Every structure is written in structure tokens, then in C-alpha cells.
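Quick caveat, the model's predicted, so the values are computed rather than measured. These numbers come from the heavy atoms of this one structure, side chains and all, not from hydrogens, waters or symmetry mates. Letters go in sequence order (proteins before strands), and every chain restarts at 1.
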Amino acid sequence: MRLNKTSKKNYLTYAIVIVAYVIMQIVAGGGHLSSSLKGMLVPICAYVVMAVSLNLTVGILGELSLGHAGFMSVGAFMGTTAAIALQNAIPSAPLRLTVALIVGAVFAAIVGFLVGIPVLRLNGDYLAIVTLAFGEIIKSVFNNLYLGIDANGIHMSLLEDKTNLLEGGKLIIAGPMGIGGIKKIANFTAGFVLIMICLVVIFHLVNSRQGRAIMAVRDNRIAAESVGINVTHYKMMAFVTSAAMAGAAGALFALNYSTIVANKFDFNTSILVLVFVVFGGLGNMLGSVIAAAALTILPEALRSFASYRMLIYAIVLILVMLATNNPTLKGFFASLRGRFDKNSEKEASAS
Amino acid sequence: MKKVFAFALVLAMVFALCAPAYADGAIKIGGTGPLTGGAAIYGMAVKNAAEIAVEEINAKGGIQFELRFEDDTHDAEKAVNAYNTLKDWGMQISTGSVTSKPCEATSAETYADRIFALTPSASSVATVTGKDNQFQMCFTDPNQGSASAQYIADKKLASKVAVIWKNDDVYSKGIYETFMAAAPGLGLEVVSDTTFNDGNATDFSVQIADAQSKGAELVFLPMYYDAASLILTQASAAGYAPIWFGVDGMDGILSLEGFDTSLAEGVYLLTPFNADSDDEATKAFVAKYQEKFGEIPNQFAADAYDVVYAYAQACEAAGITADMSAEEICDKMIEQFTSMTFNGLTGEGMTWAADGTVTKSPKGMIIENGAYVGID
């Protein structure tokens, strides 16, 4: 079977994620994995999904989103609420986790759709401004939202706790205190499966008729419109898909900690994810995966530097940026890739 | 040049993977707290004071401690990462986390891993509820709110009170709620109740004007010192001079860089530690802290100092040695802490309930001539 360049890269991405998962499982199974790395596996999965989903908006659709953490927040709060509310209804933890991720994704998609309706009709950088504001609004909403559950169903109030729960009821979202006492049901395998699903969805979307339309909109909007592509429709498709994935990532992330607050998903988190995307290369999913994993581990690996930790983190970032943009190194990688392609072509023709 | 870059990169990676060397025969105490970022004053105070206490205890011979403190930037995710790093290091006893929300996250971990934790300063209730091996050296937040209302009423400081609080902060909200619950019963009338949050913590003119126009004689500020410093500055500019009343988060306002400490003159705060106390132990601690770090220690520092000494007392009483596992130590510590009485800088005759909360009495303080002075 001859593969074109894109599918080869896609399969390489799948392969790297699978190999990383298998290696981690083997090392963890042998008990050689440090607690530090073990504790980071689920957040890494969540950040990888965040990075690839943002890359769909920024790299493939070509729109700048500065509020991706907002969708993560929606997913985290809604997914966790679902997980807590269904604690008795669904005793099986993996099933409850799945439901939580789906709930998180659906709510984030709905919110993404609502944000997209006015904004994606506009040209220019409006999406960046609106998503920036959106991230802040979501943060405020969850900081003032009280949501509880009792025998009569779900109660909700804003600003003050007016839920008046019955005896035996449980306040799930407690305004600024966020959600506490979460049962940690997220695990590495679930994170891995989520990454794979997101990669499959993105690669298939990009390689489809719709994906080509999305990229046509990115490359030249006027030309795309002139051949009859509905610009808003395709923008919406990419944006909502991206939001849904971020929602699932948020639910996964939240269910890995015993407590979650809205302030965690602030502007800094949005920028952090954007850094993963830029670092890995716009439109380059494999790059996003690697960048998200590496940049999540890096600050922890630098702990032995104590006070100089964040300084060195910044220096390492700059050095890697310089190194990856270095013409000599680029040439080296290009020649390596060329050799790899030739070899595989030879093999392909031989078989 | 490229080679230099590459070399530097390799060096950085190698250093990162090197584990720090440690001494044998010492019980390993680990803790996390914000050493960088907005809440760094608390984390640094705890770290510094714990270091002093460990040095003193080690110098005495007998029980030997080794302390490692990791940065969590006041974030739950980072706190769990820092905790896991400490676990890899071989931590046997934990001092939890310095701030509330991160401590709630790490306490779930220490509970699951059966590592005993006594937090110096994480005051939210959720930190200790339902976890038999989690204890607090500080008051819980609700305690502070009702104690403040009680104090204001007892000392007849004011009858018309304004409250400015941060509605997206666990700490602020916890204190606010119990204050509001206790105030009416004590004859305090809350005339103005205004909020702010993380995103708009720079301009307080609306809140100050509201308190001023409604004639509040006292403004209760259940918040950390950074926002409080701005409120004091802006109220002074607006010509409003009520009695200011803060809780333990106000502690640290005098060491805030760039803040005109004359604005804090006459501010009341309710905190269990008073650096001007005549008590011998406090004097010695304050002198040592000042000599080493050039600052007057705040309440967080005193709590951390007490935590290490409480550990020393408990370890000695239970005969804990460095070769015991964390689980063994944990069981013995729970037994000790629920039965022992501890005298420290932040109170005499402290005891702990089985739910992990401490019993001690708060002290009222007022800021005079740029220093905290005890009232009682």
C-alpha cells in the first residue's frame, strides 16, 4: 500500500502516542515509574487533547482563539457535576467517567456553538477578542454558580447559595469554592483513549471534503466563497469540534483531582495551551502532542533548581525555539526525512 | 554558538535529572507552598520558619529532621505535582500545603497514601473533613469569621459595619459567611456588603464609596493583604478613615513592597501570633528570623515553626525513628496528636480534635508605628 505524505504523518502520530502509552504502562507495571511522573500522566493527556483541539481552530481553521480554557472549564464543571450526580446511578467508575466526558464535551460544544453564532460570521480577529472575553465570563459564571442536587432534582442559583437543599442533598458547585470532594476516577488509559479518539476525529475531518473546505476558508476566504463554500458553516464545524474536545479534556482533568476551582481555567491556561500549539507548529498535530507532553513535564523536571526553576524553564523554551528554527538543524531533519521516505518507497516498490 | 546552545540544553537536562543528596538517620518532612507568584509571602514565611525550627531541633541532638519544601504557586494541580516529587524523595511526614485550595488537593493524596499531614496555614474546612490523618495548626476559616464578630462586639469597636470581600475566594467567602451569621446576634449592623473578584481587584472606589455613604464605622476585610493594601490606599485617597479590621490574611501587609505602611496605622487584625510578645520563645524566634531573613516573621511563619516543634514533640513521645515507614509513622502520629497538648508560639495548651481542627484562642492586634502590637 502506498501512503501519501499526510497519511504517513498521521500514522506516525498514532504510532508515537500508542508507543508512549505502552512504554508508560510497562514501566508503571514494573513499579519503576516515579510518583511525580505517574501523577502527571492524566494532566498530560488532558493538555495533549487541549493542544490538538486548539490546533484545529488555530492551525487548520486559521482563527485565533484565546479562550480555550473556557471550554475546558465548562467541560470540567459540567462533567464533574454529572459524575457526582450519577455516583449512585452508575456504580461502574469507567462508565461514569465516559458519561462525564461526554457530558463535558456536549456542554462545551453547545457553548462553543453559541459563541460561534455571532462571531464566526465576522472577518478578521474578532474571534480572538470574543474568546478572550468568553474565557473571563465563564470564569465569573462558575465563580458565582451554586448547583446542588437532592431528592427533588437539581437546584441552581447565582451569586448566593439559594439552593435550599433538602436533608441529604448535596451542594456540588459551591461558587468560588468550586467543586470539592471529587472522587478521582480519571486514569491514564481513559486519557490515552481520549487522545486517540480526538486524533482520529481530527485527521479524518482534515482529510475529508469538509476539512478541505475548512482549509480553503483559512487560505483564502474570498476564493472559497466564490466557489460556493459556506464559510460560516465550515468555520462553525471546526470551532464546535474543537470546543467539544476541550470540554472532554476539562472533564478528564477535573476528575483527576479532588477539587477544582474556576480560577484554574483562566487566561494563563488558555495562553499555556496556545504556547503548546505554537511550539509544536501550527497545523502539526504530532508537534502539539509532543509539545504539550514535554512542556508539562519540563517545569516538574526542573524542580531541583529550586528558585531558578521558572527562569530556567523560560531559557529552555527560548533555546528549543532557536534550535527548532535553526537552518542547519532543519536541513539535518529534512535530509533524515528524505532518507526515510526513500527507504520506505524502496520497500513499497519491492513488495 | 549552536554547540554552546546544545551543550547548555544537555546540561540543563542532566541537572534536572540529578536527585539531591540527603542525610541518613533524619526523618524526612516535606511540604508545598507558593514560593513564587501572588501568595509567595505566605509560602516563603512558612519555608523560612520551618527551616529555622528544623535547624534548632537538629542542633539539640536527639530527633533529627530533614526538610524539603517545594513550590506549588498556589495552584492545586502544581501542588499535587510537588507532592508527588516529595513522595519520590521519600517524605515520611508532610506539612501539607500552605494555602487552602492546594491543601485540599494534596490532603486527598496524603490521605490515600497514609502520610501524616499537619498544615500550618490551610484554613478551609474541606482540608481536614473526612480525613483522619489531616490536622491544622491554624484556625479554620469559619472560626475566624465568628471570632472577629465576637471580638468587634466585645471591644465595642463599632455598631455599623461594612464588609468588603472577595467572592471568588474560598478563604474570603468562608470567613464572610460565618461573620454574617454571627453579626446580627451580637448587635452588629452590616450596612454595606460589597464584593470584588480576581479579575477586578485593582479599583475599589465603588466598594469604598458604598461603605462611606452608608456611614460604616468599621470596615471588615476578610481577604489577603494584597487587595487590602489597595483598599487602604484608595480609601485614604477618598478621605475615608473608618476602623479597619482584618483577619490572619492581613498579616504580611507591613512587609509588602511598595506599600506605604503609614496607611495601615490603626488597622486591627485578629491573629493567633504577635511578634511583639514578651514571651521568651517568641522573642528568640523573632530575633533569629530577623537576623536570617531581614523581616519580622508573620503568623504563617509562627504556625510553621510550631508545626515542626509539634512534630518533634510527637515523634519523641511516640518513639518514631527515621527507618519507619510513612504508614507506621502516620498511625502513631494520629494517636499522639489527638491526645497531646502542645505549647507553641501561637498559643498555650493547644489540643487537636479527632477531626483535625485545633483549639487555641486568637489574639487581637493593632498596627502602630509600622509594627504589629498586641492589644490584650
Worksheet entry | Heavy-atom contact with chain A under 4.5 Å, split by part of B/E77 | both
Fill in: Interface moiety of B/D75 toward chain A, non-hydrogen atoms closer than 4.5 Å
side chain
Worksheet item: Checking heavy atoms, do the side chain of A/F253, its backbone, both or neither come under 4.5 Å from chain B?
Response: side chain
Worksheet item: So which of B/L86, B/D113, B/N84 actually passes side-chain contact (heavy atoms from CB on, under 4.5 Å) with A/S35?
Response: B/N84
Worksheet item: Tell me, side chain or backbone of B/K166 under 4.5 Å from chain A's heavy atoms, or both, or neither?
Response: neither
Worksheet item: Listed by chain and number, what are the ring-ring contact (aromatic ring centres under 6.0 Å, His included) partners of A/F279, not counting sequence neighbours?
Response: none
Item to complete: Inspect the surroundings of NZ in B/K292 and state if more than 12 heavy atoms from other residues, nucleotides or ligands are less than 6.0 Å away.
Response: yes
Worksheet entry | Inter-residue atom distance A/T296.OG1 - B/N81.CG, 0.5 Å rounding | 9.0 Å
Practice prompt. For A/S140 and B/N197, work out which heavy atoms get closest and say how close.
Written response: OG-ND2, 4.5 Å
Practice prompt. State the CD-CD distance between A/E300 and B/E70, to the nearest 0.5 angstrom.
Written response: 8.5 Å
Practice prompt. Name all residues meeting the ring-ring contact (aromatic ring centres under 6.0 Å, His included) criterion together with B/F69; count only those two or more places apart in sequence or in a different chain, and write none if there are none.
Written response: none
Fill in: Proximal component of B/T85, with respect to chain A [non-hydrogen, under 4.5 Å]
both
Discussion item. Between B/A82 and chain A, with a heavy-atom cut-off of 4.5 Å, which part of the residue counts as in contact: side chain, backbone, both or neither?
Written reply: both
Worksheet item: Do side-chain atoms of B/D88 reach the backbone of A/S34 as a donor and acceptor pair under 3.5 angstrom?
Response: no
Worksheet item: Out of curiosity, A/S258 OG to B/K131 NZ, how far, rounded to the nearest 0.5 Å?
Response: 6.0 Å
Discussion item. Using the ring-ring contact (aromatic ring centres under 6.0 Å, His included) criterion, which residues pair with B/Y111? Sequence neighbours excluded.
Written reply: none
Worksheet, complete the sentence: Ordered numerically, the heavy-atom neighbours of chain B under 4.5 Å found in residues 37-50 of chain A are A/G39, A/M40, A/P43, A/Y47
Practice prompt. Rounded to the nearest 0.5 Å, what's the gap from OG1 on B/T195 to CG on A/N143? Could you check?
Written response: 11.0 Å
